[in-house]
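Each chain gets a letter, A, B and so on, in the order the sequences are listed, and its residues count up from 1.
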Amino acid sequence: MPFIPHTEHDTQQMLDAIGAKNIEQLFDEIPEALRSRGLDNIPPGLNELEVTRLIKQRAARDQPLICFAGAGAYEHHIPAAVWELTTRGEFYTAYTPYQAEASQGTLQLLYEYQTMMSSLMGMDLSNASLYDGASALAEAVLMAIRANRKSKSRRVLIPTTVHPDYRRVVKNIVNNQGIELVELDYCTECGQVMVDSLAQYEQSDYAALVIPQPNFFGNLEQVDQLTDWAHDHKMLVIGVVNPMAMAVIAPPGEWGEQGADIACGEGQPLGIPLSWGGPFYGFIACKQKQVRQMPGRIIGRTVDRDGNRGFVLTLQAREQHIRRSKATSNICTNQGLMVTASTIYMSLMGAEGVERTAMHSHTNTKALLEQLTAIEGVKRRFSAAYFHEVVIQLNQPAAPVLEKLAKAGYLGGFSLATDYAELGDALVVCVTETKSDEEINQFAHAFAQALR
Amino acid sequence: MPFIPHTEHDTQQMLDAIGAKNIEQLFDEIPEALRSRGLDNIPPGLNELEVTRLIKQRAARDQPLICFAGAGAYEHHIPAAVWELTTRGEFYTAYTPYQAEASQGTLQLLYEYQTMMSSLMGMDLSNASLYDGASALAEAVLMAIRANRKSKSRRVLIPTTVHPDYRRVVKNIVNNQGIELVELDYCTECGQVMVDSLAQYEQSDYAALVIPQPNFFGNLEQVDQLTDWAHDHKMLVIGVVNPMAMAVIAPPGEWGEQGADIACGEGQPLGIPLSWGGPFYGFIACKQKQVRQMPGRIIGRTVDRDGNRGFVLTLQAREQHIRRSKATSNICTNQGLMVTASTIYMSLMGAEGVERTAMHSHTNTKALLEQLTAIEGVKRRFSAAYFHEVVIQLNQPAAPVLEKLAKAGYLGGFSLATDYAELGDALVVCVTETKSDEEINQFAHAFAQALR
Amino acid sequence: MLIFEQSQADRFNKAQQPGEAIALSDIPSEFRRQQRVALPGVSELQSVRHYTRLSQKNFSIDTHFYPLGSCTMKYNPRACNTLAMHSNFLGQHPLTPASNGQGFLQCIYELQEILKEATGMRSVSMQPMAGAQGEFAGVAMIRAYHDARGDTARSEILCPDAAHGTNPATATMCGYKVREIPTGDDGDVDLEALRAVVGPQTAGIMLTNPSTLGVFDRNIKEIADLVHQAGGLLYYDGANLNAILGKVKPGDMGFDVIHINLHKTFSTPHGGGGPGSGPVGVSERLLPFIPVPMAAKTDDEYHWLTEKECPQSIGRLSANMGNSGIMLRAYIYARMLGREGLERVADYATLNANYLMVKLMEAGFEVALPGRRATHEFIVTLKKLTRETGVTAMDVAKRLLDYGYHAPTTYFPLIVPECLLIEPTETESKEEIDGFIAALCAVKQEAYDDPEKVKSAPHTLPVKRLDDVRAARELDLRWTGEESLIKSG
Amino acid sequence: MLIFEQSQADRFNKAQQPGEAIALSDIPSEFRRQQRVALPGVSELQSVRHYTRLSQKNFSIDTHFYPLGSCTMKYNPRACNTLAMHSNFLGQHPLTPASNGQGFLQCIYELQEILKEATGMRSVSMQPMAGAQGEFAGVAMIRAYHDARGDTARSEILCPDAAHGTNPATATMCGYKVREIPTGDDGDVDLEALRAVVGPQTAGIMLTNPSTLGVFDRNIKEIADLVHQAGGLLYYDGANLNAILGKVKPGDMGFDVIHINLHKTFSTPHGGGGPGSGPVGVSERLLPFIPVPMAAKTDDEYHWLTEKECPQSIGRLSANMGNSGIMLRAYIYARMLGREGLERVADYATLNANYLMVKLMEAGFEVALPGRRATHEFIVTLKKLTRETGVTAMDVAKRLLDYGYHAPTTYFPLIVPECLLIEPTETESKEEIDGFIAALCAVKQEAYDDPEKVKSAPHTLPVKRLDDVRAARELDLRWTGEESLIKSG
Ligand SMILES: Cc1ncc(COP(=O)(O)O)c(C=O)c1O
Ligand SMILES: Cc1ncc(COP(=O)(O)O)c(C=O)c1O
């Protein structure tokens, strides 16, 4: 019985105390007709040696491709200390810090996280995490609709330059409440939303405008103009951003005259391994005045009986366990351990470290772009400024090229053929600081081969 | 400056406090003529990302062979918890527990280790580790010479069935003190020391007899008879044993009428990875009356001011930091972290776990032996009972066979050609519980191929 | 000390600085950040020391008995973590083609199969990232089902008053009105009350069985029939699956949809508040709506099912495959326990809970439902103690911390006054439980002898009792200390 | 509680039980163990919880400032551990052919080269497993050298009275008589005294420079010449290499042999007392005697040198290659720091020590050698405090623990009364050092105001002051409690 400590003697003593003949008797309130036939379709147990052998065999089949893809998940170096500390039992096996006095480790760390993340976003405050970037955007949309007192609309403007899967997730979540997402087109030449194309929306009432930065193509949106336009038309502005980029790119809090109202996105670039897409974490930050509309856990600083500083879950009246059907969200368990890793990551990197990581990634992407566009049949697709991720146009369908690259050991980017058919044979590629010049050269070479 | 936290401002403030112009000035007591030319032959620094890339490239070249070798180092399954706990910073980055009150974690663990190891050996007490099995045997020899009040001899009997490298290490260490090792032959038919061959030594004075169990061939020595013979002739008995085997094989404390006087050996089988041969750890255990001759750290139980139980380094008067040139050994730093791992390992396995590991390993070795001896040109070499390691005789030189096996991905055993030329083309092979039936079959198949 | 208070503006950790600083000349300055981000400037040692010491301020399964009811704080096998963190899993970008992830996909596929067997459902999707998102998926499927039938008048979801807060909150997020059903004195759902509210407006009911009161609802079949007859669907909140593994299956009880908390029954870590994983299982009739992506198998090849193959699916709720790494941990756990091991989980979780309940009753504690068997958990109510001494359930919880035990869940379910919801789990030993009983008895005694001591607890933790009210009144949600410590210049 | 006290005879951790029990029918019963081994019977959770909690009772670099003089308790980069524990390194049997370990061998080879450059020696062998074994190798080589020349009358090794205990103990282990040399008032070796004892019986001298008094012996050249002229050799105890990296090299100072503590200067973990690694470097004349195995390189191929290739070698001191995993950690560390980083180590170690020394002097503490520069460490003597208050260096050390600082080394070197040997290392920040100064000042004040408080310290640790005397008098070296808890039947 793995992990069950009872000796036969213990079991007997306990049954005696209960006054039960056997364990079976403890289930006597379950109607006989419902009793199950057991779990025969589950294989028999393995000891740790056997399961280790099994999993290592499985893992051995899955040698990762050398990654030149981004599209929402970014391979950055993670200092060894991050996960060695994060998986310490005291972090790994604790739960939501309901008993604050016995959870100051987690609570103080989350308070530090809130500080770091709100600064990164240029916003007043952050919560303690949501599930992932896509669902964070959905929560941001719901939050904006609750928060926008000036608008009664249940419609939100969202450019198609937002990650296609984010748009799907948002729709899947908010459509249940009858909220409508109205998609904004982008300029297929420059690859960004054109502010002068927005006049058509000025007549109707929208609760919010979503702005991605960088957008799904890696391009930089004209966030200042877009933000001011939205505010002029009584919309709230939701920035959905790559937090690593925010080390050097203007964060939502600095957009336009007043800054965005809500910032959200995917926290993965900050110390979380790619790991087949999860667990990652969503972040959300906002202005002080929206705090009571915030979903999820929030940690606050307070004092103990002796007047010493301490940290607690606060504003719980927003949450499901108190507010139930009137809560700001149904979220309960969030992605605490991921935020633990991110906080440690940010402390180890410092401002300088995340800035350099962002810049180095961008510089590498520039280098790759230069090499790729030197290949016949490859062009840069858009004219807008981009950041560490960029779209290239091929003279042939992207899918077979990606397949050839995979055979050569590369994850060569993300084909836009399905989600952006209007772009033809286009591919979004990304390089991070993890790639050496040599690796970039080799990839460019393999790319040229694949195009032949 | 990796890992140096000083800002320029800090440095300046500190220099000001010292009253020095610059850091260089702090070295002004070093005679100018001696000042060095720097460290130009050391490559420039790498950040963690770069060094990670470098080491992973190196590691990638070194895919381990599938291991069917023992010969002093044994591949056993190590529960994941062992090293996750052992590398916790509080264990990993502490030092010798000089400040007992701030080191109760390490101290209690070592006391538990001493309890486990002395029980495993059937002895009264254990120290808290030596460097490795070979040097532990050297310390045991020195200890026996100090401890044997009945003998003035500086000669020790050591069978050639002891690991050849152990014999080399012991000699390299003890010859500096003019101690002589007299080698005992073994029976080339049965592969063990024959008690009736010992009569020739009964006339001279020897301080001790070393007995390996199992011996280097995997064979079981007649420890009861050997022990009684040695005691009858006023020698102390030193057992040098595989601690994993001692879960089911009679330990030194049970040998003969009175048991061995000292038990020592290599702790590696108990939770320590193979790791190119180190770090491992040596253990040493003895009877109560020899305690003051024990080398190395010993932990004792005591009480604090309130009468509560606590643990301290004890009998320090034996040690170099107090006794200096009269110490029982020069050992200072030992292999604390390895013993930490072993203690956790033994607690996770329990008696049942180590017993089954030993038995399963032996059963696997038996299965392999059966398959190998079914191959033409392969015979079992010796007639004595063996334990989880066994010598086979080939009809051709072993070295080329091992080379072919290495090409096929196997570490096929250890050739006895150099150290035991008298045995001809012989090989000692070993299987542990980590090998499945399928792997054993595949190896036997590869072996047959290699013999062709 | 906060990490920021150890910071200096121009201190940085060179080991983690990639390359030289590189100019972003191609990026117009209007896009550039103006104010440097206020991350701490600390050395690697400062950071390691800070977070190591912080961690020591937590209670956790690895350090303390943690009988937090409804949360199943059982041992998280270390092997699950170590193996799931194999670099070949961690290094996989979510866009990796399935052909390059057959090992991983096989694990996920087989986990789906294991969960099907454990729940008796027709199919299981791993997409939701926690229990509440599993609930969301489930209720969204209920909506999709009714919508697909053109049955659009169903506007209500029923929830027992003892339900976990995520149930009503989820119903709201899915655009439903919530109607509460009272619990009968015996702890089962009040059938009469249910009959009174169920009807053509009923989209479904969300139930937890064993309920959040720690008892198995004996009328589950009647409830199922009632709701089904009215055209509603049955949602099973699987947070309490630990208590019934191999004993009874939600599918057999007539449920249409279930979520499972892998971070409870399947022992993935709670991580100080996640990540979890909340797979949903469905009956035949909800099959078309199940969320994607899902792992599938064709002729020994594993692949992903997406929106393309499942056009009626409610779609994805995560940009990727959900919390993949957590699924791996659950898979490894399930393989280690195997069928016998998983069946024994319910046995011993139930044994521990009933033993603890009986012993506490003997010691004079009042349980909420004394006539009933405990399942994997049960409720103690301290209302008498509070009345007689002024010591509340919260005080007792805090005082338990001084004795080295994490407190049970307090004040949930909301319908039992001054309650403690206690869940020992199967991985705790009798000795540990006996120690906890002794501690609870000692605290009770203290409540009579020295109530102030209990009311002012804890006394031995890193902080004394914290002021929640002040935290909410004088909001301080981020450090705004000396900016000079972290801003350069 | 001890792990044994949580044990039950028939409890076992099934996850770690290989296969079914298998009979050992082929092994005659005379060889079988009679009494079952008394290992604890605990669940995996019990074990994990026990050792996690035990670990929390330690002070360590990762949790506390740890200025233990002579031990160089600097930050151990986590990357060194993580990378050295790559499964391809951990999985290598020591018999693996070199062709299958080129990556590993390259690391070891390059580490040898790095250490040659750092020490200025002709060659370096990684064989010794700690400093003391490095000393042993060194002195054994000195013996081998004299023996090889037929110079067998040399029977003495000289050691300064301030030498680390391993120095005289090593000389004894190598069969030499030890002769102590006094230290002059200025902290340097007393040259006159040295002249008086050096002679044809002198095999060599063992020196630490910077010395264990924390000063650089300015007469090192004279000492070297004196001993060399008498036909003796010079041994350098490299424990204090941290202070001189890149500033001066033992080879340049005329030393013939040196050991280096990788677990000090090269930041490998101290592990609660090891494992360390104590490579030896030699001058030209000791080259033939250097211990094996060593890594070597021929045409881009790496291989091992053994007794075969080095017939005059003193041979091996370990059954294998020494503490390989520790070498890997040191190699990774050296590569991360690189030449500039390693040079800065000495700069900042020295800056920290001198700053701390000057500040303590300002605060009224008496240092052992006030006229001298500190190197990486220095000595405070509390003899005045002891005289005036009865509070000893040991009391101050214990009281520092209450302030959250590990104590410096106490009562070493033995020649300075009531001393604290303080080594802050380069990886500690000014703030940390300032905090330590404040704590020492506070303790001093307490010694005058409330000496009992200091004498009875510590007060806030898991145990109060422990009784060493009783431990040695009433020896209790293993648990002999209720055997029934661990014996079956
Ligand atoms: C009964 C019950 N339902 C639902 C949930 C929600 O699960 P999660 O926290 O994973 O969202 C929980 C746990 O928190 C629970 O106990
Ligand atoms: C000066 C000095 N010499 C020698 C040693 C011995 O080194 P080790 O403990 O590694 O054997 C030490 C450290 O303990 C030391 O400080």
Asks: With rounding to the nearest 0.5 Å, note down the distance linking CG in B:N41 to CZ in D:R339.
Replies: 8.0 Å
Asks: For the OH atom of D:Y51 and the OG atom of B:S347, what is their distance to the nearest 0.5 Å?
Replies: 4.5 Å
Asks: What's the separation between atom CG in D:N323 and atom CG in B:D132, rounded to the nearest 0.5 Å?
Replies: 8.0 Å
Asks: Is it the backbone or the side chain of D:N76 that comes under 4.5 Å from a heavy atom of chain B, or both, or neither?
Replies: side chain
Asks: B:E90 vs D:N58, test: side chain to side chain donor-acceptor pair (under 3.5 Å). Steps then yes/no.
Replies: CA-CA 6 Å; B:E90 299 95 321; D:N58 273 0; over 6 Å; no
Asks: Which bit of D:K221 is near chain B, if near means a heavy-atom gap under 4.5 Å: side chain, backbone, both or neither?
Replies: side chain
Asks: A side-chain contact here means heavy atoms from C-beta on lying under 4.5 Å apart; do D:F136 and B:N176 qualify?
Replies: yes
Asks: Please state whether the side chain, the backbone, both or neither of D:L401 comes within less than 4.5 Å of a heavy atom of chain B.
Replies: side chain
Asks: Under 4.5 Å heavy-atom distance to chain D, tell me which part of B:L65 shows up: side chain, backbone, both or neither.
Replies: both
Asks: Ignoring hydrogens and angles, tell me if any N or O in the side chain of B:N330 forms a donor-acceptor pair with the backbone of D:T166 under 3.5 Å.
Replies: no
Asks: Report which part of D:K247 has an atom under 4.5 Å of a heavy atom belonging to chain B: side chain, backbone, both, or neither.
Replies: both
Asks: Given that the side chain runs from C-beta out, which part of D:V248 has a heavy atom under 4.5 Å from chain B: side chain, backbone, both or neither?
Replies: both
Asks: Give a yes or no answer on whether the side chain of B:E101 reaches the backbone of D:L466 with a donor-acceptor pair at less than 3.5 Å.
Replies: yes
Asks: Return the CD to CZ distance between D:Q106 and B:R61, rounded to the nearest 0.5 Å.
Replies: 6.0 Å
Asks: To the nearest 0.5 Å, tell me how far D:F31 CZ sits from B:F387 CZ.
Replies: 12.5 Å
Asks: D:V463 and B:G310: which non-hydrogen atoms are nearest, and at how many Å?
Replies: CG1-CA, 4.4 Å
Asks: Are the side chain of D:H93 and the backbone N or O of B:A73 linked by a donor-acceptor pair below 3.5 Å?
Replies: yes
Asks: Quick one, B:Y111 with D:D476, criterion side chain to side chain donor-acceptor pair (under 3.5 Å). Give me CA distance, side-chain angles, the key distance, then yes/no.
Replies: CA-CA 9 Å; B:Y111 179 84; D:D476 177 345; 2.6 Å; yes
Asks: Backbone N or O of B:G38 within a donor-acceptor pair of the D:E343 side chain at under 3.5 Å?
Replies: no
Asks: Heavy-atom distance under 4.5 Å to chain B: side chain of D:E113, backbone, both or neither?
Replies: neither
Asks: Which region of B:S126, side chain (C-beta onward) or backbone (N, CA, C, O), has a non-hydrogen atom less than 4.5 Å from a non-hydrogen atom of chain D, or is it both or neither?
Replies: neither
Asks: State plainly whether the residues B:D304 and D:K464 are in salt-bridge range, i.e. N to O under 4.0 Å.
Replies: no
Asks: What pair of heavy atoms forms the shortest contact from D:K249 to B:S36, and how long is it?
Replies: CE-OG, 3.7 Å
Asks: Counting heavy-atom pairs under 4.5 Å to chain D, which of B:D165, B:N308, B:D62, B:L274 comes out on top?
Replies: B:D62
Asks: Heavy-atom cut-off 4.5 Å, strictly under: side chain, backbone, both or neither for D:A472 against chain B?
Replies: both
Asks: Are B:I30 and D:R218 packed together at the side-chain level, in the sense that at least one heavy-atom pair is separated by less than 4.5 angstrom?
Replies: no
Asks: Contact part of B:I299 toward chain D, heavy-atom cut-off under 4.5 Å: side chain, backbone, both or neither?
Replies: backbone
Asks: Identify whether the distance between the nearest side-chain nitrogen and carboxylate oxygen of B:E29 and D:R372 falls below 4.0 Å.
Replies: yes
Asks: Under 3.5 Å, is there a donor-acceptor pair between the side chain of B:S119 and the main chain of D:A38?
Replies: yes
Asks: Between B:Y95 and chain D, with a heavy-atom cut-off of 4.5 Å, which part of the residue counts as in contact: side chain, backbone, both or neither?
Replies: both
Asks: Could you look at D:F89 and say if it's the side chain, the backbone, both or neither that has a heavy atom under 4.5 Å from chain B?
Replies: both
Asks: Start with the C-alpha distance between D:K57 and B:Q108, add both sets of side-chain angles, then the distance that settles side chain to side chain donor-acceptor pair (under 3.5 Å), and finish with yes or no.
Replies: CA-CA 10 Å; D:K57 295 186 178 178; B:Q108 181 176 331; 4.5 Å; no
Asks: Donor-acceptor pair, B:E352 side chain versus D:Q17 backbone, under 3.5 Å?
Replies: no
Asks: Would you call the rings of B:W276 and D:F104 parallel, tilted or perpendicular, taking 30° and 60° as the class edges?
Replies: parallel
Asks: Is B:K366 atom NZ crowded by more than 12 heavy atoms from other residues, nucleotides or ligands, each under 6.0 Å away?
Replies: yes
Asks: With side chains defined as the heavy atoms from C-beta onward, is the minimum distance between B:I23 and D:T350 less than 4.5 Å?
Replies: no
Asks: Taking side chain as everything from C-beta outward and backbone as N, CA, C, O, which of these in D:E44 sits under 4.5 Å from a heavy atom of chain B? Side chain, backbone, both or neither.
Replies: both
Asks: Do D:P40 and B:M346 have side-chain heavy atoms sitting under 4.5 Å apart?
Replies: no
Asks: May I ask you to name which of B:G133, B:A60, B:G178, B:P251 has the most heavy-atom pairs under 4.5 Å with chain D?
Replies: B:P251
Asks: Evaluate the criterion salt bridge (charged side-chain N to carboxylate O under 4.0 Å, His left out) for residue pair D:K430 and B:D10; output intermediate values, then yes/no.
Replies: CA-CA 7 Å; D:K430 176 171 177 297; B:D10 290 337; 5.5 Å; no
Asks: Where does B:L411 contact chain D at under 4.5 Å (heavy atoms): side chain, backbone, both or neither?
Replies: side chain
Asks: Of all of B:P43, B:A134, B:P279, B:G300, which one pairs up most often with chain D through heavy atoms under 4.5 Å apart?
Replies: B:P279
Asks: Non-hydrogen atoms of chain B under 4.5 Å away: do they reach the side chain of D:N261, the backbone, both or neither?
Replies: neither
Asks: Nearest heavy-atom pair of D:D62 and B:T93: which atoms, and what distance?
Replies: N-OG1, 3.0 Å
Asks: Can you list the residues that meet the salt bridge (charged side-chain N to carboxylate O under 4.0 Å, His left out) rule with D:R33, with sequence neighbours excluded?
Replies: none
Asks: Does B:Q177 use its side chain to pair, donor to acceptor, with the backbone of D:M173 at less than 3.5 Å?
Replies: yes
Asks: Report which part of B:R309 has an atom under 4.5 Å of a heavy atom belonging to chain D: side chain, backbone, both, or neither.
Replies: both
Asks: Tell me if the centroids of the rings in D:Y348 and B:H6 come within less than 6.0 Å of each other.
Replies: yes
Asks: Which bit of D:T63 is near chain B, if near means a heavy-atom gap under 4.5 Å: side chain, backbone, both or neither?
Replies: side chain
Asks: D:L342 versus chain B, heavy atoms under 4.5 Å apart: side chain, backbone, both or neither?
Replies: both
Asks: Please classify the contact between B:T333 and chain D as side chain, backbone, both or neither, with a heavy-atom cut-off of under 4.5 Å.
Replies: both
Asks: Heavy-atom pairs under 4.5 Å with chain D: which of B:E433, B:R88, B:Q316 has the most?
Replies: B:R88
Asks: Check whether D:V178 gets within reach of chain B through its side chain, its backbone, both or neither, counting any heavy atom under 4.5 Å.
Replies: side chain
Asks: With a 4.5 Å cut-off on heavy-atom pairs, point out which of B:A327, B:G350, B:A59, B:G353 contacts chain D the most.
Replies: B:A59
Asks: SG/B:C332 to NE2/D:H164 distance, rounded to the nearest 0.5 angstrom?
Replies: 4.5 Å
Asks: With a 4.5 angstrom heavy-atom cut-off, could you sort out which part of B:A100 is near chain D: side chain, backbone, both or neither?
Replies: both
Asks: Relative to chain D, which of B:N47, B:V223, B:L315, B:L142 shows the most heavy atom pairs under 4.5 Å?
Replies: B:L315
Asks: Can you tell which part of D:R143 gets under 4.5 Å to a heavy atom of chain B, answering side chain, backbone, both or neither?
Replies: side chain
